[in-house]
Number of protein chains: 2
Amino acid sequence: MPRPSHADERRRQLLPIVASAFAELGYRRTTTAELAKRCKVRENILYRLWRDKKAMFVASIEFVYALSAETWRRLLAEGGDGKPPAERLLQYESEHHGESGLQRLVFAGLSETNDPAIHRALRTMYRRFHRFIGEQITAYRDDRRPPQPDVGLSAWAVIGLGTLTSIVQELNLLKSGERKRFMAEVGHLLIEGRPAA
Amino acid sequence: MPRPSHADERRRQLLPIVASAFAELGYRRTTTAELAKRCKVRENILYRLWRDKKAMFVASIEFVYALSAETWRRLLAEGGDGKPPAERLLQYESEHHGESGLQRLVFAGLSETNDPAIHRALRTMYRRFHRFIGEQITAYRDDRRPPQPDVGLSAWAVIGLGTLTSIVQELNLLKSGERKRFMAEVGHLLIEGRPAA
DNA sequence: GTATATTGTAGGTGTGTACCTACATAACCA
DNA sequence: TGGTTATGTAGGTACACACCTACAATATAC
């Protein structure tokens with residue numbers, strides 16, 4: 001029998017490179033030639049690992065989200081000297097926002113394609129994202145002080161907060177310190193239902 | 001003397017068509033050929049009105065924002081049977097969100113280009129947007145009930161709310177009714193600093 | 001009417017790009 | 001060792017796209 005295929009492993013090796021290219025350049029400007037160059041392989045090797053460019057993009061979305069979620073889970077698991085988990089998440093994101101490139105992939109997927117497969121991938125990603133945030137908010141909340149806004153709505157709003165933060169960062173609309181304050185104060189308001197002290 | 005130039009008027013005629021094409025297709029997929037077709041002119045006529053494709057895009061951003069702001073101003077001016085202005089704005093947007101295509105232009109500008117002129121145009125647009133929303137929130141607030149969150153932060157958060165709503169709509173993540181409720185409840189929380197009754 | 005500049009038409013051109021074909025090489029299993 | 005198949009190399013193709021050139025037509029001011 002012939003050689004066994006190491007395609008899965010190869011995909012795992014190259015996906016981070018592919019994803020970061022898409023996040024940096026968007027969908028259209030990320031040419032398959034550029035991808036090949038960054039991966040240090042020939043184009044048609046990429047085409048042996050994924051059916052087409054679209055499939056590379058979809059895989060990138062899934063990869064980047066999985067990576068982010070994993071990072072957050074680790075952060076939350078490492079035990080937080082008393083601080084509430086959702087607040088730690090927000091603080092972490094206010095310092096590392098944009099690093100994963102997730103938002104840039106979303107913008108690219110929304111504006112550069114009308115592809116149903118890509119939209120499906122984004123939808124699935126957002127649903128997972130929303131559920132994850134919702135779980136953190138629920139875990140964080142203190143039942144003793146209602147009224148608090150609906151968890152589902154809060155979770156969407158927190159995601160929107162992240163999206164806007166990423167735009168604000170991209171366009172240099174707020175300095176780093178202001179951005180952190182924005183994230184912390186509005187985040188608190190959305191989660192707790194009242195302004196921070 | 002020769003014929004006078006009607007270029008300004010021509011630009012005003014064509015800009016709505018150009019802008020809606022960019023909003024619908026993004027930057028890259030909006031080819032100059034497609035623009036010409038929709039405008040029912042030859043390509044090089046567009047190139048006589050704007051230096052290049054980038055200039056057409058920048059003009060579109062300015063046009064669409066000006067149009068939105070004008071719509072909101074008219075809405076607020078027409079006197080609102082007792083309702084507070086910011087709430088009417090939010091309600092209006094929850095019903096008409098996405099119609100202007102402003103958010104799609106932002107996504108396109110952010111993901112499909114790295115052009116400084118385009119980023120400058122987006123930055124200016126956001127600053128105006130932020131100031132406008134801030135003014136509405138200030139006008140709306142009731143001084144008798146502190147504590148309320150910082151107006152500047154609230155205004156950014158409201159913009160973020162709009163952005164997320166547009167993504168949610170694009171991806172069909174919430175039904176229309178849920179989207180409206182989201183906009184109303186979170187908007188209230190952001191502006192007033194406490195959940196709606 | 002005529003000179004002059006604005007409009008409109010027709011057709012490139014050079015480049016970029018997704019994806020493919022043909023073939024050489026090397027790893028694996030019997 | 002030999003047969004089979006994964007992996008790598010080199011080059012190509014068909015098309016799409018931003019932008020340009022050359023020229024005809026037409027509207028205005030005198």
Side-chain angles (χ1 to χ4, degrees), chain A residues 1-15 17-19 21-22 24-61 105 108-109 111-118 121, chain B residues 1-15 17-19 21-22 24-61 105 108-109 111-118 121:
Chain A
M1 283 288 132
R3 312 168 54 168
S5 169
H6 294 175
D8 279 355
E9 191 190 325
R10 207 90 178 83
R11 266 188 282 266
R12 242 175 304 137
Q13 286 171 7
L14 298 185
L15 205 41
I17 303 171
V18 169
F22 278 124
E24 183 183 333
L25 299 171
Y27 185 77
R28 235 73 178 181
R29 281 186 302 155
T30 302
T31 65
T32 52
E34 176 69 20
L35 285 175
K37 198 171 125 198
R38 293 189 182 207
C39 291
K40 297 198 216 305
V41 298
R42 304 272 157 185
E43 285 184 63
N44 84 353
I45 289 183
L46 297 177
Y47 279 96
R48 284 212 269 257
L49 296 173
W50 292 281
R51 186 181 6 266
D52 51 20
K53 188 181 166 184
K54 186 171 69 180
M56 304 176 203
F57 188 70
V58 167
S60 296
I61 292 171
L105 288 180
S111 98
E112 302 193 54
T113 75
N114 253 349
D115 193 87
I118 291 179
Chain B
M1 282 292 129
R3 320 169 46 169
S5 167
H6 292 178
D8 278 355
E9 191 190 324
R10 206 89 178 86
R11 266 187 283 265
R12 240 175 306 136
Q13 287 172 6
L14 299 185
L15 205 41
I17 303 170
V18 169
F22 277 124
E24 183 183 333
L25 300 172
Y27 186 76
R28 234 74 179 181
R29 280 185 304 155
T30 302
T31 66
T32 52
E34 176 69 19
L35 286 175
K37 197 171 126 198
R38 293 190 183 206
C39 290
K40 296 196 218 302
V41 298
R42 301 273 156 184
E43 284 184 62
N44 78 347
I45 290 184
L46 297 177
Y47 279 96
R48 285 211 269 258
L49 297 173
W50 292 280
R51 183 174 19 259
D52 51 20
K53 188 182 167 185
K54 185 171 69 180
M56 304 176 202
F57 188 70
V58 167
S60 296
I61 292 171
L105 288 180
S111 99
E112 302 192 54
T113 76
N114 254 349
D115 192 86
I118 291 178

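Quick caveat: nothing in here was measured; it's all calculated off a predicted structure.
With rounding to whole Å, B/Leu46 atom CG is found 11 Å from C/dG8 atom P. Taking atom CG of residue A/Asp8 and atom P of nucleotide D/dT7, one finds them 10 Å apart after rounding to whole Å. Rounded to whole angstrom, the span from the CD atom of B/Glu34 across to the P atom of D/dA18 amounts to 11 Å. Look at CD on B/Glu9: it is 16 Å from P on C/dT6, rounded to the nearest Å. Rounded to an integer number of Å, the gap from CG of B/Leu49 to P of C/dT6 is 12 Å. Spacing between atom CG of A/Leu14 and atom P of D/dT7 amounts to 11 Å, rounded to whole angstrom units. The CZ-C1' distance, from A/Arg48 to C/dA22, rounds to 11 Å in whole Å. Summarising the geometry, the separation between CZ on B/Arg11 and C1' on C/dT7 is reported as 14 Å, rounded to the nearest angstrom.
Residues in residues 39-48 of chain A take part in these side-chain hydrogen bond (donor to acceptor under 3.5 Å, both in side chains) pairs, two or more places apart or across chains: A/Thr32-A/Glu43.
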Acceptor/donor pairs from residues 49-56 of chain B side chains to any protein atom, 3.5 angstrom cut, sequence neighbours excluded:
{"residue": "B/Asp52", "atom": "OD1", "partner": "B/Lys54", "partner atom": "N", "Å": "3.4"}
{"residue": "B/Asp52", "atom": "OD1", "partner": "B/Ala55", "partner atom": "N", "Å": "3.0"}
{"residue": "B/Lys53", "atom": "NZ", "partner": "B/Tyr27", "partner atom": "O", "Å": "2.9"}
{"residue": "B/Lys53", "atom": "NZ", "partner": "B/Thr30", "partner atom": "O", "Å": "3.0"}
{"residue": "B/Lys54", "atom": "NZ", "partner": "B/Asp115", "partner atom": "OD1", "Å": "3.1"}

In B/S/- notation, 5' to 3', how is nucleotides 13-21 of chain C contacted by protein heavy atoms closer than 4.0 Å? ----SBBBB
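How far OG1 of A/Thr113 is from CD1 of A/Ile118: 4.0 Å, rounded to the nearest 0.5 Å.
Annotation: side chain of B/Arg29 is in contact with side chain of A/Arg28 (closest heavy-atom distance under 4.5 Å).
For A/Val41, the side chain to side chain contact (heavy atoms under 4.5 Å, CB included) partners at least two apart in sequence or on another chain are A/Arg10, A/Cys39, A/Ile45, A/Leu46. Legend: residues meeting side chain to side chain contact (heavy atoms under 4.5 Å, CB included) with A/Glu24, ordered by chain and number and at least two apart, are A/Arg38.
Judged by distance alone, with hydrogens and angles left aside, B/Arg42 brings no side-chain donor or acceptor close enough to the base of C/dG11 to form a pair under 3.5 Å.
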